[in-house]
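Below: the structure, in structure tokens.
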There are 2 protein chains.
Amino acid sequence: MHSGLSIIEENYLKAIYKLQQMDGRVSTNELASEMGTSAASATDMIKKLSNKAVIQYEKYYGVQLTTYGANLAIQLVRRHRLWEVFLHDKLGYSWEKVHDLAEELEHVNIHDLADRLDAYLGHPKSDPHGDPIPDGSGQLPKTDYIKIDELRERDSFEIKGIVDSDAKFLNYLTERNLGIGCKLRLISIDAYAETYEVLIEATHQSLVWTKRIAQNILIKKT
Amino acid sequence: MHSGLSIIEENYLKAIYKLQQMDGRVSTNELASEMGTSAASATDMIKKLSNKAVIQYEKYYGVQLTTYGANLAIQLVRRHRLWEVFLHDKLGYSWEKVHDLAEELEHVNIHDLADRLDAYLGHPKSDPHGDPIPDGSGQLPKTDYIKIDELRERDSFEIKGIVDSDAKFLNYLTERNLGIGCKLRLISIDAYAETYEVLIEATHQSLVWTKRIAQNILIKKT
DNA sequence: AAAAATATTTAGACTAGGCTAAATATTTTT
DNA sequence: AAAAATATTTAGCCTAGTCTAAATATTTTT
Ligand SMILES: [Mn+2]
Ligand SMILES: [Mn+2]
Ligand SMILES: [Mn+2]
Ligand SMILES: [Mn+2]
């Protein structure tokens with residue numbers, strides 16, 4: 001259960017996992033920027049994680065998680081998201097607040113804490129931001145969410161997830177009564193301005209999404 | 001909310017708080033021994049905590065918590081015990097396991113986490129070891145527990161708490177079906193051997209407690 | 001009131017994680 | 001194919017927390 005990694009090493013590991021999702025290979029600069037440190041510090045840490053067999057490292061080439069490292073990362077993500085569910089569902093925190101708290105709680109990993117928490121929460125499939133929660137064996141529930149650019153005018157849809165849940169974006173959504181499970185309809189597409197006019201079914205409120213905003217929202221056609 | 005102390009500084013603070021309960025003034029050696037470090041390390045940390053106005057320090061004399069430091073310590077104890085209740089009552093951990101986990105969780109202190117946890121747990125008055133939980137303003141519920149040497153033969157009593165909940169002692173109790181709330185009767189006192197024969201009401205099981213064991217159990221006459 | 005024993009502090013060194021500045025490799029542009 | 005720009009690593013230094021060994025203060029014993 002105990003990973004042999006320090007809290008800081010675990011945070012780097014999670015960052016590598018996140019970047020690898022998108023890019024495959026992770027460069028020193030990418031990692032440094034994600035962690036908010038210097039490239040020199042990232043190089044130092046890369047060497048440490050490499051010595052612990054968590055990542056595979058080739059000089060001037062970048063890093064990749066080993067199978068072992070990927071497993072550790074997924075369990076870390078699992079704990080993070082389970083804590084987010086706890087904080088949101090049981091303690092009533094808003095989805096903007098849960099991330100910072102889970103960022104600390106995720107590092108507690110003794111006994112079978114994650115499994116007990118999972119059972120207590122009723123084996124949730126996704127966290128408050130719509131991100132899928134890996135099961136005990138590291139399996140991620142398969143989702144088939146799309147983005148709004150795959151819809152046609154007058155299609156109905158539901159918000160299912162957020163690509164990058166940074167606090168400012170979550171706040172933007174909350175202020176406009178948008179959240180996971182929210183039902184909407186695509187009213188019109190402005191192809192030149194690259195904007196989408198949508199209507200919230202519940203309130204009949206109408207909004208315009210720029211491409212940048214729309215690309216950050218995962219949906220399902222209904 | 002954020003104390004300005006590192007996790008390690010917080011652990012020292014809690015140790016000082018614990019030792020001060022018993023002794024008043026805390027010596028360098030006592031602290032080093034409680035923390036499992038060298039006296040030199042304890043001296044180093046004492047200087048740091050003193051600079052942060054958490055303790056008052058006089059060379060070669062010992063340390064004492066300041067009012068500010070005592071408040072921080074009590075809030076830390078509050079978080080520790082609330083997490084223990086959560087782990088025990090909600091996740092079903094035994095009282096031997098909750099301490100180690102709470103030792104890590106107690107350091108998470110952002111937003112109003114302790115207060116939300118407290119409300120969620122129904123404002124518990126004591127943790128799974130019978131230790132009182134301070135309220136949000138640091139007030140400890142007053143208890144009037146005694147030890148068995150204040151009883152007479154044939155008195156009935158209930159276990160209310162444990163003085164020093166180390167794992168081995170908790171295990172000793174669990175193996176004999178003893179725990180908080182357990183009802184017993186004092187059968188006889190052997191003044192010369194300094195032992196107490198007690199009877200568990202529920203099972204009619206009879207046990208002999210040595211003075212060392214008896215001194216570690218807090219009870220209430222019923 | 002000395003001597004001996006004990007407690008505490010200081011000195012110097014080590015590891016983890018971080019930084020800046022300089023050196024070196026790689027990629028892109030011309 | 002050079003030159004310029006960018007990316008990465010190395011070198012050297014810093015702080016937090018730890019250690020051992022040595023120095024100093026205090027307490028206890030004789
Ligand atoms: Mn984290
Ligand atoms: Mn999340
Ligand atoms: Mn702790
Ligand atoms: Mn306890």
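Keep in mind that this is a model prediction, so the values were computed, not measured. Reminder, nothing fancy here: chain letters follow the sequence lines and each chain counts from 1.
Rounded to an integer number of Å, the gap from A/Tyr60 OH to D/dT9 C1' is 5 Å. Rounded to whole Å, atom P of D/dT18 lies 7 Å from atom CE of B/Met35. If you measure from atom CG of B/Asp44 to atom P of C/dC14, you get 17 Å, rounded to the nearest angstrom. If you measure from atom CG of A/Asn51 to atom P of C/dA16, you get 10 Å, rounded to the nearest angstrom. The CG atom of B/Leu31 sits 11 Å away from the P atom of D/dT18 (whole-angstrom rounding). Rounded to whole angstrom, the span from the CD1 atom of B/Ile46 across to the C1' atom of C/dT10 amounts to 14 Å. Per the geometry, CD1 belonging to A/Ile7 stands 12 Å off P belonging to C/dG18, to the nearest Å. Here D/dA23 presents its C1' atom at 12 Å from NZ of B/Lys59, a figure rounded to the nearest Å.
Looking at which nucleotide of DNA chain D each of A/Thr28 and B/Ser38 is closest to, the 5′-most match is held by A/Thr28. In this structure, A/Ala40 and A/Glu9 both approach DNA chain C, and ranking their closest nucleotides by distance from the 5' end singles out A/Glu9.
Residue B/Tyr57 places at least one side-chain N or O closer than 4.0 Å to OP1 or OP2 of C/dT9. Contact between the side-chain N/O atoms of A/Ser6 and the OP1/OP2 oxygens of C/dG17 is found at a separation under 4.0 Å. Residue A/Lys47 places at least one side-chain N or O closer than 4.0 Å to OP1 or OP2 of D/dT10. OP1 or OP2 of C/dT8 has at least one side-chain nitrogen or oxygen of B/Asn29 nearer than 4.0 Å. Between B/Tyr12 and D/dT18 there is a side-chain polar atom (N or O) within less than 4.0 angstrom of OP1 or OP2. Side-chain N/O atoms of A/Lys48 include one lying less than 4.0 angstrom from OP1 or OP2 on C/dG17. Not one side-chain nitrogen or oxygen of B/Ser41 sits closer than 4.0 Å to the OP1 or OP2 atom of D/dT18.
Here C/dT9 is the nucleotide among D/dT9, C/dT9, C/dG18 with the atom lying nearest to any side-chain atom of B/Thr43.
Base pairing analysis places C/dT29 opposite D/dA2; the two distances defining the Watson-Crick or G-U wobble pair are each below 3.5 Å. Base-pair partner of C/dG12: D/dC19 (Watson-Crick or G-U wobble, both distances under 3.5 Å). When both distances must be under 3.5 Å, the Watson-Crick or G-U wobble mate of C/dT20 is D/dA11.
By the 6.0 Å and 45° rule, A/Lys90 stacks over the aromatic ring of A/Tyr120.
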Apply ring-ring contact (aromatic ring centres under 6.0 Å, His included) to A/Phe86 and B/Phe86, showing your working. CA-CA 12 Å; A/Phe86 169 74; B/Phe86 170 74; 4.8 Å; yes

Chi angles and distances behind the side chain to side chain donor-acceptor pair (under 3.5 Å) call for A/Thr210, A/Glu194: CA-CA 6 Å; A/Thr210 62; A/Glu194 294 187 306; over 6 Å; no

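No engagement by B/Glu58 is indicated, since no non-hydrogen atom pair under 4.0 Å with the nucleic acid exists.
To the nearest 0.5 Å, atoms CG (A/Leu105) and CD (B/Glu104) are separated by 11.0 Å.
Remark: of the listed residues B/Arg79, B/Gln75, B/Lys14, B/Lys14 is the sole one forming a side-chain hydrogen bond (donor to acceptor under 3.5 Å, both in side chains) with B/Glu106.
No salt bridge links B/Asp135 with B/Arg78; every basic N to acidic carboxylate O contact stays at or beyond 4.0 Å.
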